Protein chains: 2
Amino acid sequence: MSRPEPTSTDVAQLAGVSQSAVSRAFTEGASISEAKRARVIEAAEQLGYRPNLIARSLITRRTGIIGLAVGDLSNPFYSQLIYKLSEKLQQRNFHLLLFTVPDRANSDDLLEDVINYRLDALVLTSTEVSSHLGARLQERGIPVVLINRTTEDTASSSVASDNEFGASEVARFLVKQGHRRLAYVAGIQNTSTNIERERGFLRALASVAGVTVQHISGDYDVHKSLSVARELFDGENAGPEAIFCANDMMALSLMDALRYNLNLRVPEDVSVVGYDNIEPAAFSAYQLTTYSQPIDEMVDAAVELIVERVSSPGSAPRQIRLRGELVVRASVGVRHPSSADTSAHPSSAASA
Amino acid sequence: MSRPEPTSTDVAQLAGVSQSAVSRAFTEGASISEAKRARVIEAAEQLGYRPNLIARSLITRRTGIIGLAVGDLSNPFYSQLIYKLSEKLQQRNFHLLLFTVPDRANSDDLLEDVINYRLDALVLTSTEVSSHLGARLQERGIPVVLINRTTEDTASSSVASDNEFGASEVARFLVKQGHRRLAYVAGIQNTSTNIERERGFLRALASVAGVTVQHISGDYDVHKSLSVARELFDGENAGPEAIFCANDMMALSLMDALRYNLNLRVPEDVSVVGYDNIEPAAFSAYQLTTYSQPIDEMVDAAVELIVERVSSPGSAPRQIRLRGELVVRASVGVRHPSSADTSAHPSSAASA
DNA sequence: TTGTAGGCGTTATCAT
DNA sequence: ATGATAACGCCTACAA
């Protein structure tokens, strides 16, 4: 049976003190004698009283609740990120209120809810959310923190890996392994992650003579991998020697398509590289070479940004970039130095 | 700059009406003239006013916020479940507050928070949460809904698949395919999912002559797969012909261990079956045969249970069981009918 | 240190 | 239909 919730007044009565005394007993660093606090706590326990955080927030203007907009949870990168973020925030007495943001649908609903609940802040991990939303929240004084996503708008804090650098590392690595006909499988066009990775990859290759890069869009959609594979190895010209996918999920499904639909061997016939270093990338079936995102550091940084903005509303937003590292696994092979043409030069091969 | 939040009083002033009128204008089905409502809405928009849900909840005693305890987000089954649950709940104007519950750690913290925030209900998906917690919440009138988990305690509503039946289907299928030396890789011992699947599998096999079942614990831990594989195929006796893992994640990693560490072929040398039908189970690299959980129906049912218990506090909790189906893929092979009986003997492999 | 009283923003009750 | 007024449960001056 649910008795009527005990309130601070009930506790006060039982303990024979004022209601404010009860409030103080449950407030860190409030001025109250130890004796009285003890009496209050005892009465509270007897009644099973717990301070109502919602009521408290009405006056403190802080709920301790932070909105979290997520798009694609089927990508382990995000589920892992979210889990760790939630864990770390809980340690600081914050909690995440989940918002699923389907396609580019009504991100206005999200806006409404965030405002209506007077959330302390909003974290955006979804690549699909409009930046218009960010602006509207800023002007209401609700801090916005972007994770794995950036925006020109400097009103939002953000944490992201150095995608451009990471992608350039991938490019250099592939070239070093002797690959010359390359391909880039893009993510969703207008996302910051895709733009930066694409730029990093292409720029690093631009200066290398004899390298060709095929560009094809994959939209971060694992279901497009088969058609991507077919297009890359279409009759016309020879297929690429190495393929860089804008994220691991696409890379894994592309590997499957290459191996089981096109009957190509990875890495013997074609090499594949991803980005993120999600757990499945390490599975024996894939052994995907990838550029890792420093997920723990990213989460730590995000927590700092959040706490910073929430506890001192005056503080300026910050943009943070973190570097990961190239994780070399078996999905990339070595090409023999085709001493031939334009520029490519020796690099001896060692193969597994 | 963050102007002071406009309140209903501000709107009332601007619109030249009472504060209660503003409240009514934003309340579905409140008695107010269309004319007045329009005036209020206009003034509200002008000021950027949005009703404060937190303040409202103080008197309605409903926050629209539901706690969600999750354990292992690295298992796609749960991340998918959560995503869909959140989606469906949002459509009903509910939102999920995330609680990560690490090991069997202090589930008391969770309890505290749920109470302190006066959440409308708590959904438990974690297999690790103590049932003591459920009881404490019930007595405070906070409904508890279990997903993919059951408990003796009938005070909680629950949605789960018919694990016992599903596992028995797996057993019958393996027997029908000619397998006789079987193995069960268990999940975490005292979880309802593991208990039920194990029982279903073993019972269905008990009545079949000539079948042996090896039992080994895997703890739903993908990192134990290698040692599990080694133990199963330890020198002594011949290894199993088919292995049923208590969930897909273990099955996938076990397949990797079998293939890449023990150099066994799946399904030619040994068959593997999982439970859940997570997305990766369909990957070409695995083609895992598995028993599916009807995740959409489970989510729908859960939403119903939640809404039911929240909106009519008098309603009794219900326990729901749903059936999935056997999804046959290439990870299971066929053994030739070894017309003989009791024990192991030659059986050549049929392959794809 | 302690109690009193006012207010946080809303909904609910009660007249009108 | 409308407006005053009292909750909702708590925090925080203010005064003592």
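Note that the structure is a prediction, hence the values are computed from the model and not measured. In what follows, chains are A, B, ... by sequence order, proteins preceding strands, each numbered from 1.
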For this session: Check whether any side-chain heavy atom of B/I306 lies under 4.5 Å from a side-chain heavy atom of B/L89, and answer yes or no.
Result: yes
Problem set entry | Side-chain N,O (A/S18) to OP1/OP2 (C/dT4) below 4.0 Å | no
Exercise. For residues B/S157 and B/Q319, is any side-chain donor paired with an opposing acceptor at under 3.5 Å?
Worked result: no
Problem set entry | Greater than 12 external heavy atoms within 6.0 Å of B/E112's CD | yes
Exercise. Distance only, no hydrogens: is a donor on one side chain within 3.5 Å (strictly under) of an acceptor on the other, for A/S20 and A/S18?
Worked result: yes
Problem set entry | Under 3.5 Å side-chain donor-acceptor pair for A/Y78 and A/N148 | yes
Problem set entry | Atom-pair distance (CZ on A/R37; P on C/dT2), nearest Å | 10 Å
For this session: Would you mind building the protein contact string for nucleotides 6-16 of chain C? One character per nucleotide, 5' to 3', B for base within reach (heavy atoms under 4.0 Å), S for sugar-phosphate only, - for untouched.
Result: -BBBBBB----
Problem set entry | Distance below 4.0 Å between B/S31 side-chain N/O and D/dA1 OP1 or OP2 | yes
Exercise. Any side-chain N or O of A/K36 less than 4.0 Å from the OP1 or OP2 oxygen of C/dT2?
Worked result: yes
For this session: Measure the distance from OH on B/Y117 to P on D/dC8 and round it to the nearest whole Å.
Result: 23 Å
Exercise. With a 3.5 Å cut-off and no angle check, do the side chains of A/Y220 and A/T193 form a donor-acceptor pair?
Worked result: yes
